[in-house]
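Presented below is the structure to which this report refers.
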Amino acid sequence: MEEDKKSWKGCMGYVLLLIAAGGIATGLYFAFRPQFSPTKDRVSDHPAAIVSKYADALKIAMQFFDVQSSGKLEHNKIPWRGDSALDDGKEAGIDLSQGLYDAGDHMKFGFPMAYTATILAWTILEYPDQMAVVHQLDHAMQYLRWITEYLINAHKEENVLYIQVAAETAAAMAAASLVFKQSDPSYKGTLLTHAKQLFNFANKHRGTYSASIPEVATYYNSTGYGDELLWAASWLYHATKDNTYLEFVRDNGPKFANFGSLTWFTWDSKHAGAQVLLSRLAYFAGQDIPQDSGIDKYKEAAEVFMCGLIKDSPTASTSRTIGGLIWVSEWNALLHPTAAAFLAVIYSDYMLTSKTARFSCGDRDKRYYKPSDLRDFAKSQLEYILGENPMNMSYLVGYGEKYPQYVHHRGASIPADAKTGCEDGWKWLNSTEPNPNVATGALVGGPFLNETYMDSRNNSKQGEPTTYNSALLVGLLSGLVSTSSVVKSFA
Ligand SMILES: *[C@@H]1O[C@H](CO)[C@@H](O)[C@H](O)[C@H]1NC(C)=O
Ligand SMILES: *[C@@H]1O[C@H](CO)[C@@H](O)[C@H](O)[C@H]1NC(C)=O
Ligand SMILES: *[C@@H]1O[C@H](CO)[C@@H](O)[C@H](O)[C@H]1NC(C)=O
Ligand SMILES: *[C@@H]1O[C@H](CO)[C@@H](O)[C@H](O)[C@H]1NC(C)=O
Ligand SMILES: *[C@@H]1O[C@H](CO)[C@@H](O)[C@H](O)[C@H]1NC(C)=O
């Protein structure tokens, strides 16, 4: 969250509906009910190529989706969780009970939720074997579907999306359609139909969703729509092989792509993601794409991004801590390094799989880098997150010996048996006791630039976890959990 303007209320079933410009944002504050389930997912047989500490971390990170799940909990594994938000959408005659809460205050926002879905789908598409070997593939597909069902329900009519942002949702649906292609072809068809309609809708009515719905700007402001259109078109091309989407990406590149400048990959900014995803075509699609596709420009731009990450490159970004962590923002600092490392490991795998030995950075002072340089960068960010840092602390809750105890998270900080009224939540927020429940898998906001971390519940800048952080970490861990590289085609 960029700002913490929400209260710490305990009102069960308090639904916030923001209605504007054909969109409704639903948010919800709810109370948890205790419910016990003994299921525990353990791997006993690590194949030799699996890095066991990353496998452990991956299993832990995945649990945050259980913690953040909205609606009816059919396979609940969290003892302090219960059903919630069952009536979401009822006023509008639709079922918006599913999906995942965004962060520690338990709102459902379509924009970052769709981003979470796209990242999960991308991870499943690049690293299905790696996820399967640590028994997380089904779990990941289950939560991807939990989000896409919410998004489908929110898109009841062609030009009406009940959660504002159309192009990111199109990207999520297109990516998910590839994931469910084999296991559920009819679901794949449904997703693709929604994705195409939403893309057309977003393209025809260009504008950022937060401009049409100003209420969301304090939480998740979208600062531009061009990147989402390119991102959605890139996913739609992968899902359909329809050249119209490639032409869109080529023709709109000069206007929207930010070629030549490094922009970080976040829920608001998809440039780097689209560049890497389109590079996949440059590496693997060969004759299948037209000669004048313009894809090479995106690959060059992806390399500008990669050069920014490598510490000793002539164009290395200076946005990092002394300890080497990419550091861009005081709010949710770990978003940028996690997302950058995720893209770096994917890109290094494209190079490895296509047997590309090196790429260059800088003009006059040109230097060459190998895929292993990108992989080492990705590992350095991951190791920092998991505890190799000046605080000697893991920022992934539940991992390692020392991790945050005062995570800014409603469910974790209110005892499961508490009877919460509307204003009672404050007493749990202000309490100096550690959280009674552990939000396992939460990746907190993270350290300040000076690499300190204040473990305090009211410190939402540093201590609030987000669901998209966890999705990105799941992606990063899936890429690094073994040495195998990526599949050549999603088809
Ligand atoms: C949201 O982003 C737009 C475009 O960059 C900007 O003009 C606006 O001031 C931002 N709003 C908030 C509340 O940050
Ligand atoms: C972290 O560990 C190192 C080495 O054991 C030690 O010197 C340092 O004081 C520790 N820092 C904190 C904040 O605990
Ligand atoms: C908790 O702290 C807030 C401000 O941080 C204050 O307004 C409120 O009165 C406190 N509530 C309780 C029950 O301690
Ligand atoms: C570290 O940075 C934070 C945020 O800028 C600041 O509040 C804190 O005092 C700094 N701590 C040290 C030890 O410099
Ligand atoms: C948050 O709590 C800490 C103690 O846990 C206190 O020192 C600090 O002043 C509080 N900050 C705010 C903004 O309430």
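For ligands, and for the atoms within them, numbers begin at 1 and follow the listed sequence.
For ligand 2, the atoms sitting less than 4.0 Å from at least one non-hydrogen atom of P390 are 11 (N), 12 (C), 13 (C), numbered in the order shown with element in parentheses.
The closest side-chain heavy-atom distance from Y384 to P447 is below 4.5 Å.
Below 3.5 Å of separation, one finds an N or O of N392 facing an N or O of ligand 2.
Classification of the H139-Y143 ring pair by plane angle, with boundaries at 30° and 60°, yields tilted.
Remark: R375 engages D349 in a salt bridge, criterion side-chain N to carboxylate O under 4.0 Å.
When each of Y225, W267, W231 is checked for a side chain to side chain donor-acceptor pair (under 3.5 Å) with E168, only W231 meets the rule.
Within 6.0 Å of the NZ atom in K53, the count of heavy atoms belonging to other residues, nucleotides or ligands exceeds 12. Within 6.0 Å of CZ in R367 there are more than 12 heavy atoms belonging to other residues, nucleotides or ligands. Other residues, nucleotides and ligands place no more than 12 heavy atoms under 6.0 Å from the CG atom of D363.
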When you pair each N or O of ligand 4 with protein N or O atoms, which pairs come out under 3.5 Å?
residue: ligand 4; atom: 2 (O); partner: N450; partner atom: OD1; Å: 3.4
residue: ligand 4; atom: 2 (O); partner: N450; partner atom: ND2; Å: 2.3
residue: ligand 4; atom: 11 (N); partner: N450; partner atom: ND2; Å: 2.9
residue: ligand 4; atom: 14 (O); partner: N450; partner atom: ND2; Å: 3.2

